[in-house]
Amino acid sequence: MSEDSRNPMAVPVLVPMPAERPYSYLVPQGMLVVPGSIVRVPLGPREVAGIVWDTPTDVVDPKKLRPIAQVFDCPPIDEAARRFVDWVASYTLSPPGMVARMFLRAPAAFDPEPPLPGLRWSGAAPERMTAARERVLELARDGMAWTRSGLAHAAGTSLTVVDGLTSQGVFETVEIPPPPVVAAPDPAFSKPDLSFEQEAAAEVLRAKAGGGFSVTLVDGVTGSGKTEVYFEAIAAALAAGRQVLVLVPEIALTSAFLDRFHDRFGAKPGEWHSDLSPRMREKVWRQVAEGQVRVVAGARSALFLPFKNLGLVVIDEEHDPAYKQEDRVFYNARDMAVVRGHIGNFPVILASATPSVETQVNAQQGRYGRVVLSARFAEAALPDLAAIDMRKSPPQRGGFLSPVLLEEMKKTLGRGEQSLLFLNRRGYAPLTLCRVCGHRFQCRDCSSWLVEHRFRGQLVCHQCGHNEQRPEACPECGTLDHLVACGPGVERIAEEVESHFPDARTIVLSSDMLGGVKRLRLELDAIAQGEADIVIGTQLVAKGHNFPKMSLVGVVDADIGLANGDPRAAERTFQLLSQVTGRAGRSGLKSRGLIQTYQPAHPVMRALILGDAEAFYEREIAERERAHLPPFGRLASIIVSAATRPEAESHARALRRAAPASRDISVLGPAEAPLALIAGRHRFRLLVHGEKKVDLQGFLRALLAAAPRARGSLRVQVDIDPQSFL
DNA sequence: AAGTCCGTTGTA
DNA sequence: ACAACGGACTTC
């Protein structure tokens, strides 16, 4: 876009706020701006970063127009990324500015990285030569630029020696371009040794990696080497000069993945997740935009990085619920990645040992390709799985571990191997009550029980984070020392384990661990090195780690996830338990998985123990089809929340009344949400259910347009394809 | 989303 | 009497 000298031109700019359309800004004389340019613009009393857009704006009073303050010296957001923003905004019913905001998550990166100050040999000799000076000069004589500290360090001298030489004019100061955050991966660095089956799968993926849009499911049991196989597709994309994005759930914890990548490509991928330091974040963002970082391994938000030349997206563990974002813009990164591939016309690979029902159906119906890896790689063998019927082998009074499991742990310990106990419950006990008056400790702002965390001596709300000191006396009746913990959390299981195996090295892992992500990484590494005998963990132990000495996995309570009325409960439980039991036996040890359950005949348990995934999926798919649930029908949920219950309820009813008449779409509710109160906000929920082919978004837009405006404390959140039904 | 403006309430 | 807050309103 060029400017006219008499009539300064206005351009649309998406600003990071919930407006339905871009705003218009004037382009000052001499400023050069293209669609995708990242600009600094005035917005009310402040200045914000926005993106120059290319879709129509509303006509606006020319007097209101204000000029763009600055165009950042930064590669513009490309056409494909812009269409992606529009698409995501439209699909999720989010304001486009809020989606664009996700592309602008590293404000410091809009300006180029400053060069580092460096030193280069000027050709001059020092006044007097010493041994230390000689060592420094030896390194610098080739004329390459060094950083001051780098040179001193390499020469094994102090900074004083280098500074002395500099002041004598032996070095001249130069600018060193900022170093890359990661080295360039080499597609030919270390060709893997693949089995026949893996090689065949890799060949299919390599062929797709060269072409346009396609989606391929890599369906392989845990330990079958899915990663090695899709690495070959990455190699092909790299060889073709494209950038690659690998989405990984909980990337912050999976250092094993980064190591494997390094082994294959001779360099680490760029990392992107919420735990990055601001400095690193900024460097990665910038270098992705410039095309210098070739491969990013990241959490779901990495989908909104400004790739210069994206040519492949891999979604590892595609079924993982961590891909669903449920705040601000509600989106599923797996589905949006497929859209990104479609818009950018490049292939997408989904990998999982337990694919989501949606992906299974897409593969069955031929919309997605599928490659299958049926055998565990090399020496790895699938664990031998069995259910422990808790009605027949109940735990000791006050305990939660059946004698059968304890006996197996004892044997494992005796062989010097590791056991893993899995329980998806943080803390010591999920409920505390008074034995005298029956008082139950509930969060003052949420409809949920306070969870006792005994290590910290606190009662904690897992919904809003509220915590209080655990009292000695009941706040209701005042009786001392009669509070009782109900049910198990990982801390309580650890206590039980320690009473049975006082000499074993026991470790508890959960996401709330003291010391944060850094500490967790260290502990996971230590476990992989064999520095623990018994590990007790929540779901974070299920994800992608390789524990070579682990030969027993015990699921403490397999029934937990099946209790609520969530339509995805069976699928979730099957996936999670398959993944956990798959932690055992990855390095050839004969291994076992024991599943404690009160309903061993439940189809999920049967499929799991018999290793009959096919039967499970067949049943689950038939059930979804019968009920017209996704992927055979469409769902959206609308959560209305407000400071008071009546406000929320009456607005939810008003939304319901605003629903347009439709034969193919029905609105259920409003009903109080299962979590009726979160952080002091009362919640009501509507479910919108339609046939597969309906225009669900159009229906919702009409509904929202006809509904009264949400004022005061009222908030309305629309969740397309909801995963959580709480 | 993140400011300003303006009305309410709480405290010296 | 005035700060301290919360809600409504605006932003090209």
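Note that this is a predicted model, so its numbers are computed, not measured.
Q243(A) and N309(A) form no side-chain donor-acceptor contact under 3.5 Å, judged by distance and modelled atom types alone.
To the nearest angstrom, C1' of dC12(C) lies 16 Å from CD1 of I51(A). Distance CZ (R711(A)) to P (dT10(C)): 16 Å, rounded to an integer number of Å. Summarising the geometry, the separation between CZ on R46(A) and P on dT11(C) is reported as 13 Å, rounded to the nearest angstrom. Distance E47(A) CD to dT11(C) P: 17 Å, rounded to the nearest Å. Straight-line distance from the CZ atom of R21(A) to the P atom of dT10(C): 20 Å, rounded to whole Å. Atom NZ of K64(A) is separated from atom C1' of dT10(C) by 9 Å (rounded to the nearest Å). Across the protein-nucleic acid pair, L43(A) atom CG and dC12(C) atom C1' stand 8 Å apart, rounded to whole Å. The distance between atom CG of D61(A) and atom C1' of dC12(C), rounded to the nearest whole Å, is 10 Å.
Looking at R709(A), its side chain has no donor and acceptor atom pair within 3.5 Å of the base of dA8(C).
Closest to the side chain of Y23(A), from the set dA1(B), dG3(B), dC12(C), is dC12(C). The listed nucleotides are dA1(B), dC12(C), dG3(B); the one nearest the side chain of P18(A) is dA1(B). Here the side chain of M17(A) is nearest to one of dC12(C), dA1(B), dT4(B), namely dA1(B).
When the shell of 6.0 Å around NZ of K324(A) is examined, it contains more than 12 heavy atoms from other residues, nucleotides or ligands. Atom NE2 of H342(A) has 12 or fewer neighbouring heavy atoms from other residues, nucleotides or ligands inside a 6.0 Å radius.
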Going by atom type alone, with no hydrogens or angles, which donor-acceptor pairs under 3.5 Å involve a side-chain atom of residues 102-112 of chain A and a protein atom two or more places apart or on another chain?
none

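A close approach under 4.0 Å does occur between a side-chain nitrogen or oxygen of R66(A) and OP1 or OP2 of dC12(C).
Within the 4.0 angstrom heavy-atom criterion, no nucleotide atom of any strand lies near P22(A).
Taking the charged nitrogens against the carboxylate oxygens, E250(A) and K543(A) do have a contact shorter than 4.0 Å, which makes a salt bridge.
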